[in-house]
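Heads up, the thing below is written out as structure tokens.
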There are 2 protein chains.
Amino acid sequence: MTFIINCNIFTPPKMGIRMSEKRNSTGCQICSFRVMLFNALEEDELYKLNACREQFLIRRGEVICREGEPIESIIYVNQGLIKLHKRVSETRSQIISIARPHDFVGLLSVFSKTKYYYSITAIEDSSVCFISKECILNEIRSNGRFALDIITRMSRITDDVLESKFALSSKNLRGRIAHILLDFADNIYNSNEFRLPVSRREIAELIDMRTENVIRIMSEFRKDRLIRINGHTVEIMNPEMLRKISSAG
Amino acid sequence: MTFIINCNIFTPPKMGIRMSEKRNSTGCQICSFRVMLFNALEEDELYKLNACREQFLIRRGEVICREGEPIESIIYVNQGLIKLHKRVSETRSQIISIARPHDFVGLLSVFSKTKYYYSITAIEDSSVCFISKECILNEIRSNGRFALDIITRMSRITDDVLESKFALSSKNLRGRIAHILLDFADNIYNSNEFRLPVSRREIAELIDMRTENVIRIMSEFRKDRLIRINGHTVEIMNPEMLRKISSAG
DNA sequence: GTCATTTTATGATAATTATCATATCAATAA
DNA sequence: TTATTGATATGATAATTATCATAAAATGAC
């Protein structure tokens, strides 16, 4: 519990699960983070890093870390979706990215900065691991294979954010909506039917649009039978056309 | 010369300078890349990495690497300015970033990808060092302090690109011009008077605008006495107002 | 279940930005 | 030096997007 004090987790009662059996093979199986590290670490290194790790259940809407807070952990998503977001003005925010299962939460700036320049909030009920940044830095210093693995994995996250951002900036509004719907379908849910985890406002914040226009264009897509909307569930009916709209954008 | 074959450098005659005296202290002084590494490497590691390095003079406008080419080097700028750019359509390109002296050229994707997803071109006559990616990866594997240094330095570049991109996307057109002029003044030239190294079209590609609007707004800023333009030289006459325009964006 | 707040939906209007057109100037190559 | 191309400049118009307004539906707290 030593590092968790510096991160504001609000909901009492805390539903944290302390991994009390550090060598328990049952724990080993259910924790994808541990599995992920398996290749780059020796058993004792795995043990050492695991000792710096805490796993928590986070409720939908809970703020995990706020902009300006010191970065003392690397956060990994076992389950759920997490948004990185930044306030732009009194009334506007941007969502930088959505971290999905088996992603690290955050960008590589966690290594070059001491404070978060964004906030982190759970979009849906999630299970995350907090790993002490200091422990990771120590491991990097003494294990180059681990260093490379971390660079590769975390740079992939940052790359995706960057590529998506550049792609979106050359699209018109319809192209952006098409892009984000296809992203959800192809990269998060692997299905053309999914429960949209974010509101129209959050979509707007993710793709740099006004909420009204998100609402409007999704209605239009529904009217044109490109998608079907039933409550929070969206089904893509015409993926080819959506792809065309996205790339023409 | 073994790794340079895989990167298209076109201009004959090649003005490359081969660092023939690998332990020559004169060479050590003029190469900022070598100075940069000093803290993280032992002498023999420095020697080893230096053996994988080639320094070149690149002419303004020369393409250093093209989108789709394999990534086999890490590129470092000793002198000059280098743009990372990507074609969006037949007629449109985006400039991802401009690398300045003492920067690495490229993003952290060089570690997670095998091919460049952007092209690299010299904006002005430049001196760059190509360091074999394989050598760097080997060094990372065996030297955690170096790994950490590389992560930190290269992630800073990627961070800057990301932060700038997000900042720009919430600004209007005037705010973007103000932002980029201040960026040149504060972060590249450290002076309110500088020779603009890029055309209006390139500025447009850098900040997601149409060329005509870049021209128009710079003319307007000149008419309003916020800047003075004389040939390629720009002088910021009213930095406070530019800052206000940039943040109001 | 009630109530307050937020979200979704739609219409109208205003502002911003892109596109098209024309002309002049500057840079480059032969 | 000359011809060509690209860059800069400006005007007019069209398209896109934001903003403002109103209303209905959904959500969350008590």
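Owing to the predicted nature of the structure, the values given are computational and were not obtained by experimental measurement. Hydrogens, waters and symmetry mates are skipped; everything else that's a heavy atom, side chains included, is used. Proteins come first, then strands; the chains are lettered A, B, ... in the order of their sequence lines, and each starts at number 1.
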Under 3.5 Å, which donor-acceptor pairs do the side chains of residues 228-242 of chain A form with other protein atoms, sequence neighbours left out?
| residue | atom | partner | partner atom | Å |
| --- | --- | --- | --- | --- |
| A:Arg228 | NH1 | A:Glu235 | OE1 | 3.4 |
| A:Asn238 | OD1 | A:Met241 | N | 3.1 |

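Atom CZ of B:Arg243 has more than 12 heavy atoms from other residues, nucleotides or ligands within 6.0 Å. By the neighbour-count criterion of 12 heavy atoms within 6.0 Å, atom CD of A:Glu163 is densely surrounded, having more than that number from other residues, nucleotides or ligands.
Within residues 200-207 of chain A, the residues having any heavy atom under 4.0 Å from DNA chain C are, by residue number, A:Arg200, A:Arg201.
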Apply side-chain hydrogen bond (donor to acceptor under 3.5 Å, both in side chains) to the pair A:Ser112 and B:Asp159, showing each step before the final yes or no.
CA-CA 9 Å; A:Ser112 55; B:Asp159 292 339; 2.7 Å; yes
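Among residues two or more places apart in sequence or in another chain, the ring-ring contact (aromatic ring centres under 6.0 Å, His included) test is passed with B:Phe194 by B:Tyr189. Under the salt bridge (Lys or Arg N to Asp or Glu O under 4.0 Å) criterion, B:Glu193 pairs with no residue, sequence neighbours left out.
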Going 5' to 3' along nucleotides 10-28 of chain C, which nucleotides have protein heavy atoms under 4.0 Å from the base (write B), which only from the sugar-phosphate (write S), and which from neither (write -)?
BBB----SBBB------SS
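Rounded to an integer number of Å, the gap from B:Ile229 CD1 to D:dT10 C1' is 14 Å. Between the CZ atom of B:Phe221 and the C1' atom of D:dT8 there is a distance of 17 Å, rounded to whole Å.
Here the closest heavy-atom approach between residue B:Tyr117 and residue B:Lys86 is recorded as O-NZ, 3.3 Å.
For residues 198-214 of chain B, the salt bridge (Lys or Arg N to Asp or Glu O under 4.0 Å) pairs, not counting sequence neighbours, are B:Lys83-B:Glu202, B:Lys165-B:Asp208, B:Arg201-B:Glu205.
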